[in-house]
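Everything below concerns the one structure shown next.
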Protein chains: 2
Amino acid sequence: MKIQIDLRSDIPVTSQIVTQIQQSLSTGTLKPGDQMPTVRALATELRVNFNTVARAYRVLDECGIISTQQGRGTFIMEQPPPEASSALRREALSTLARRYLEESQRLGFNAEESAQALEDEMEKK
Amino acid sequence: MKIQIDLRSDIPVTSQIVTQIQQSLSTGTLKPGDQMPTVRALATELRVNFNTVARAYRVLDECGIISTQQGRGTFIMEQPPPEASSALRREALSTLARRYLEESQRLGFNAEESAQALEDEMEKK
DNA sequence: TGTATCATTGTATACTTGTATCATTGTATA
DNA sequence: TATACAATGATACAAGTATACAATGATACA
């Protein structure tokens with residue numbers, strides 16, 4: 001994978017990294033499952049701070065393009081399957097919800113406590 | 001014992017292991033006196049470093065839920081102290097909640113929709 | 001029976017990798 | 001000039017991995 005950074009450009013380094021990784025993906029230079037270089041490795045290669053690479057990786061992560069895992073590395077994601085029908089997605093969601101209820105019940109919590117725990121997690125993020 | 005690890009999750013692998021072992025215990029899949037798989041065996045099964053499993057075992061050990069003995073193996077304790085593990089139960093619940101949020105997000109639903117779906121399931125009952 | 005030897009199991013420690021937080025730098029604008 | 005903001009850098013941290021080690025068990029053999 002070849003990434004060219006122009007430090008004098010008006011385009012932020014982070015954006016340059018993001019776009020070029022996306023390009024490598026669309027040209028097939030990068031394939032799903034591939035491991036990306038570590039933030040530090042790519043950073044020294046590009047003569048840039050590793051936090052800058054980390055930020056670029058995070059952007060791509062939030063788009064679901066790569067998956068970064070602390071302590072392990074970052075990987076190209078499998079491309080998500082075409083959108084299922086909305087009815088199916090709805091069904092899947094309610095299955096998830098029911099499973100959540102059942103599992104927390106097994107741990108000895110009632111429905112209200114489960115709902116409260118969910119609220120708490122929503123706050124945290 | 002079936003343990004499912006999601007490497008893409010924000011939840012640390014160690015926590016995932018702890019929570020799921022506790023669940024197996026609460027569902028009766030694991031019983032007092034049972035021998036757990038060795039750290040290496042479970043690690044290769046989950047495709048994870050065995051130190052990660054060892055750390056999960058240590059957490060459970062410190063809560064008095066399992067007993068790990070160097071050179072022998074690790075076993076489920078006879079008397080899982082109900083109140084000693086209350087902090088763990090709490091953590092297990094929040095892990096379940098986060099997991100529910102993450103999985104529904106992957107389906108394309110936001111936090112509010114996930115919460116609403118949970119309410120709906122609670123009504124049904 | 002004792003013990004030598006090796007395999008198995010958990011432990012300790014250092015290293016790798018990404019994250020969080022704050023400081024620094026440059027630039028636009030009042 | 002002064003202030004605010006965005007981009008980048010520095011530092012400490014969290015999570016996972018690799019490797020060497022110690023304790024226990026199994027087996028063979030004198």
Side-chain angles (χ1 to χ4, degrees), chain A residues 1 3-21 33-77 123-125, chain B residues 1 3-21 33-77 88 91 94-95 98-99 102:
Chain A
M1 184 183 47
I3 292 188
Q4 295 284 341
I5 296 301
D6 183 357
L7 291 176
R8 286 163 307 193
S9 166
D10 284 344
I11 307 169
V13 177
T14 305
S15 310
Q16 294 187 48
I17 298 175
V18 169
T19 13
Q20 294 198 40
I21 288 176
D34 283 358
Q35 175 163 14
M36 299 287 298
T38 70
V39 291
R40 284 173 178 79
L42 186 54
T44 52
E45 182 184 329
L46 303 181
R47 299 170 197 281
V48 153
N49 187 277
F50 70 82
N51 279 297
T52 305
V53 177
R55 284 186 195 100
Y57 278 8
R58 171 145 23 150
V59 172
L60 291 163
D61 190 331
E62 282 166 359
C63 296
I65 293 178
I66 66 180
S67 158
T68 90
Q69 299 157 29
Q70 184 168 350
R72 311 194 86 213
T74 90
F75 306 84
I76 310 280
M77 291 285 278
E123 301 272 323
K124 278 191 201 168
K125 271 273 157 166
Chain B
M1 184 183 46
I3 292 188
Q4 295 281 343
I5 296 300
D6 183 357
L7 292 175
R8 290 169 309 178
S9 169
D10 284 343
I11 307 166
V13 176
T14 303
S15 307
Q16 295 187 47
I17 298 175
V18 168
T19 301
Q20 295 197 40
I21 287 176
D34 283 358
Q35 175 162 16
M36 299 287 298
T38 70
V39 290
R40 285 173 177 79
L42 186 53
T44 51
E45 182 183 329
L46 303 181
R47 299 170 198 279
V48 152
N49 187 276
F50 69 82
N51 280 296
T52 304
V53 177
R55 271 193 278 274
Y57 278 8
R58 175 150 11 156
V59 172
L60 292 164
D61 190 330
E62 283 166 358
C63 294
I65 292 178
I66 65 181
S67 158
T68 93
Q69 299 155 30
Q70 183 169 350
R72 311 198 69 214
T74 91
F75 306 85
I76 310 281
M77 291 289 272
L88 263 194
E91 188 181 329
S94 91
T95 299
R98 277 180 75 178
R99 199 182 176 104
E102 285 179 356

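Lettering follows sequence order; numbering is per chain, from 1. Values in this document were obtained by computation on a predicted structure and should not be read as measured data.
The base of C/dA20 is paired with the side chain of A/N51 by a donor and an acceptor separated by under 3.5 Å. Side-chain atoms of B/N49 and base atoms of D/dT19 include no donor and acceptor less than 3.5 Å apart.
Comparing A/T38 and A/R55 by the nucleotide of DNA chain C whose heavy atom lies nearest to each, the residue mapping closer to the 5' end is A/T38.
Applying the Watson-Crick and G-U wobble criteria (two distances, each under 3.5 Å), D/dT17 pairs with C/dA14. Across all strands shown, D/dA2 forms a Watson-Crick or G-U wobble pair, both distances under 3.5 Å, with C/dT29. The nucleotide C/dC6 finds its pairing partner in D/dG25, both defining distances of the Watson-Crick or G-U wobble pair being shorter than 3.5 Å. Pair check for D/dA30 finds C/dT1; Watson-Crick or G-U wobble, both atom distances under 3.5 Å.
Proximity of B/L7 to B/R47: side-chain heavy atoms (C-beta onward) are nowhere separated by under 4.5 Å. Contact check for B/I21 versus B/M36: side-chain heavy atoms found under the 4.5 Å cut-off. The shortest side-chain heavy-atom distance between B/S9 and B/R99 does not fall under the 4.5 Å cut-off. Contact check for A/I11 versus A/D6: no side-chain heavy atoms found under the 4.5 Å cut-off. Contact annotation: the side chain of A/I65 never approaches that of A/M77 to less than 4.5 Å [non-hydrogen atoms, C-beta and beyond].
Look at CD1 on A/I17: it is 15 Å from C1' on C/dG18, rounded to the nearest Å. At whole-Å resolution of the value, CG in B/D10 and P in C/dT19 are 9 Å apart. Atom CD of A/Q69 is separated from atom P of C/dT17 by 14 Å (rounded to the nearest Å).
The listed nucleotides are D/dT17, D/dA22, D/dA20; the one nearest the side chain of A/R72 is D/dT17. Closest approach to the B/T74 side chain among D/dG16, C/dT19, C/dG10 is made by C/dG10 (side chain taken as heavy atoms from C-beta onward).
In this model, the phosphate group of D/dT8 is approached by a side-chain N or O of A/T14 to a distance below 4.0 Å at OP1 or OP2. Proximity of A/S15 to the phosphate of D/dA7: no side-chain N or O atom is located under 4.0 Å from OP1 or OP2. Of the side-chain N and O atoms in A/T52, one or more sit less than 4.0 angstrom from OP1 or OP2 of D/dG9.
Residue contacts shown for A/R40 include a base, since a base heavy atom lies under 4.0 Å away.
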